[in-house]
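Worksheet: one structure, shown below.
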Amino acid sequence: GTTREDNGSAGTLSPQHYQQLLHRIVDMCRSSCRTGCRTDRISHVALCGSFPQGVEKDVYKFLTEQLKALVITWTVDASGEALSLAVQANPLLIKPNLEEFCTAFAQDISMLKTQNNAQNAIASFYADTGVQILCSMDKRGAIYAGKEGVFAVQSPEVRQVRSFAGAGDTMLASFLYARVLCQAPIEHALRFACASATAKVRLPAGIFPLPEQIYAEYQQTTQRKVGA
């Protein structure tokens, strides 16, 4: 069959609540920087998802500039103008899928259907911006470009997709857990991230994979360095 994912419009957020939310996020991060306990300090923030109606497209750019002043690293998982604006503030990492990457950065997706062309475009993006990128490629796995080099990750074949919902979030959360929190080697972090996303699409929406399910996919997930 055919799996289709529809993203509806978000609800409305009043200007007052919008400003309160921004100040609360920044204040929470600022307060954590004052703590003497390293385990209580916020060291990395993931800014993810679409915005409620009434929120400016540059909100992630604003937040990333605030986080930069607090010496906190951050990741952005967004699309369209919100993503392209956020990159101007130099986040540590962005995590678009291929369509989101092409839309945000004026790439012709028809030209990136081949693996080599996609790898070259993503490598060029990192070279031009200095922003690390983990780009999910559906059944083709993912491509990563960063200070460690350019890597292609191949996930095992999934014959029956139950739901795409949450797969990208699962990939990003798993990558950040392995690479940022556990400081695992990039090769392991990429395999773990793609294995987690593969395990997720085998499950119904709202159900997330167990460690043993991720491990089974990890054993069949490969990565190779394809560029410096």
Side-chain angles (χ1 to χ4, degrees), residues 5-33 41-107 109 121-122 124-137 142-147 164-181 189 193 197:
E5 183 177 353
D6 293 319
N7 292 320
S9 299
T12 302
L13 188 66
S14 70
Q16 179 184 3
H17 288 156
Y18 168 57
Q19 291 299 324
Q20 289 175 348
L21 176 62
L22 290 184
H23 288 301
R24 184 171 183 181
I25 293 171
V26 174
D27 288 345
M28 182 173 60
C29 293
R30 185 176 290 116
S31 296
S32 81
C33 292
R41 189 183 188 280
I42 295 173
S43 60
H44 191 88
V45 174
L47 303 172
C48 307
S50 55
F51 309 134
Q53 297 177 50
V55 172
E56 289 91 343
K57 297 295 185 182
D58 66 349
V59 60
Y60 281 165
K61 181 183 179 184
F62 168 79
L63 286 172
T64 54
E65 289 169 344
Q66 299 299 308
L67 294 173
K68 184 189 297 184
L70 297 172
V71 198
I72 293 174
T73 59
W74 63 94
T75 290
V76 176
D77 182 3
S79 59
E81 188 180 4
L83 179 59
S84 59
L85 288 172
V87 165
Q88 296 176 16
N90 297 311
L92 175 70
L93 173 77
I94 62 170
K95 210 265 356 127
N97 59 37
L98 185 61
E99 182 178 353
E100 291 168 340
F101 171 74
C102 291
T103 301
F105 304 109
Q107 298 278 343
I109 194 168
I122 291 166
S124 294
F125 170 84
Y126 172 70
D128 292 341
T129 65
V131 176
Q132 299 171 40
I133 175 171
L134 175 60
C135 184
S136 53
M137 308 278 290
I143 297 173
Y144 169 85
K147 60 183 180 181
F164 289 118
D169 297 330
T170 300
M171 177 182 285
L172 177 57
S174 299
F175 180 81
L176 293 178
Y177 171 77
R179 187 64 175 151
V180 177
L181 184 61

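The basis for the numbers below is simple: all heavy atoms, side chains too, and nothing from hydrogens, waters or symmetry mates. All of these numbers come straight from a predicted model, not from anything done at the bench.
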For residues 76-96, which side-chain N or O atoms pair as donor and acceptor with protein atoms under 3.5 Å away, sequence neighbours left out?
residue, atom, partner, partner atom, Å
S84, OG, E81, O, 3.0
Q88, OE1, K61, NZ, 3.0
K95, NZ, S136, OG, 3.1

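- Residues A193 and S174 come closest through the heavy atom pair CA-CB, 3.8 Å.
- Here the straight-line distance linking atom CD1 of I72 with atom CZ of R41 works out to 5.5 Å at 0.5 Å rounding.
- Going from atom CD1 of I122 over to atom CD1 of I143 covers 4.0 Å, rounded to the nearest 0.5 Å.
- Within the model, atoms CD of Q132 and OG1 of T129 stand 10.0 Å from one another, a figure rounded to the nearest 0.5 Å.
- Rounding to the nearest 0.5 angstrom, the gap separating the CG atom in L67 from the CZ atom in F62 is 9.5 Å.
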For residues 18-28, tabulate all N or O donor-acceptor pairs below 3.5 Å that involve a side-chain atom, not counting sequence neighbours.
residue, atom, partner, partner atom, Å
Y18, OH, E56, OE1, 3.0
D27, OD1, R30, NH1, 3.2

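- Using the six-membered ring where Trp is involved, F125 and F101 have ring planes that are perpendicular, over 60° apart on the 30 and 60° scheme.
- Across all their heavy atoms, H44 and L176 have their closest contact at NE2-CD2, 3.8 Å.
- In E65, the CD atom is crowded: over 12 heavy atoms of neighbouring residues, nucleotides or ligands sit closer than 6.0 Å.
- Atoms CD1 and OG, from I42 and S31 in turn, are 8.5 Å apart once rounded to the nearest 0.5 Å.
- Contact record, A142 with L134: CB-CD1, 4.1 Å, taken as the closest heavy-atom pair.
- Y126 places a side-chain N or O within 3.5 Å of a backbone atom of K147 that can act as its donor or acceptor partner.
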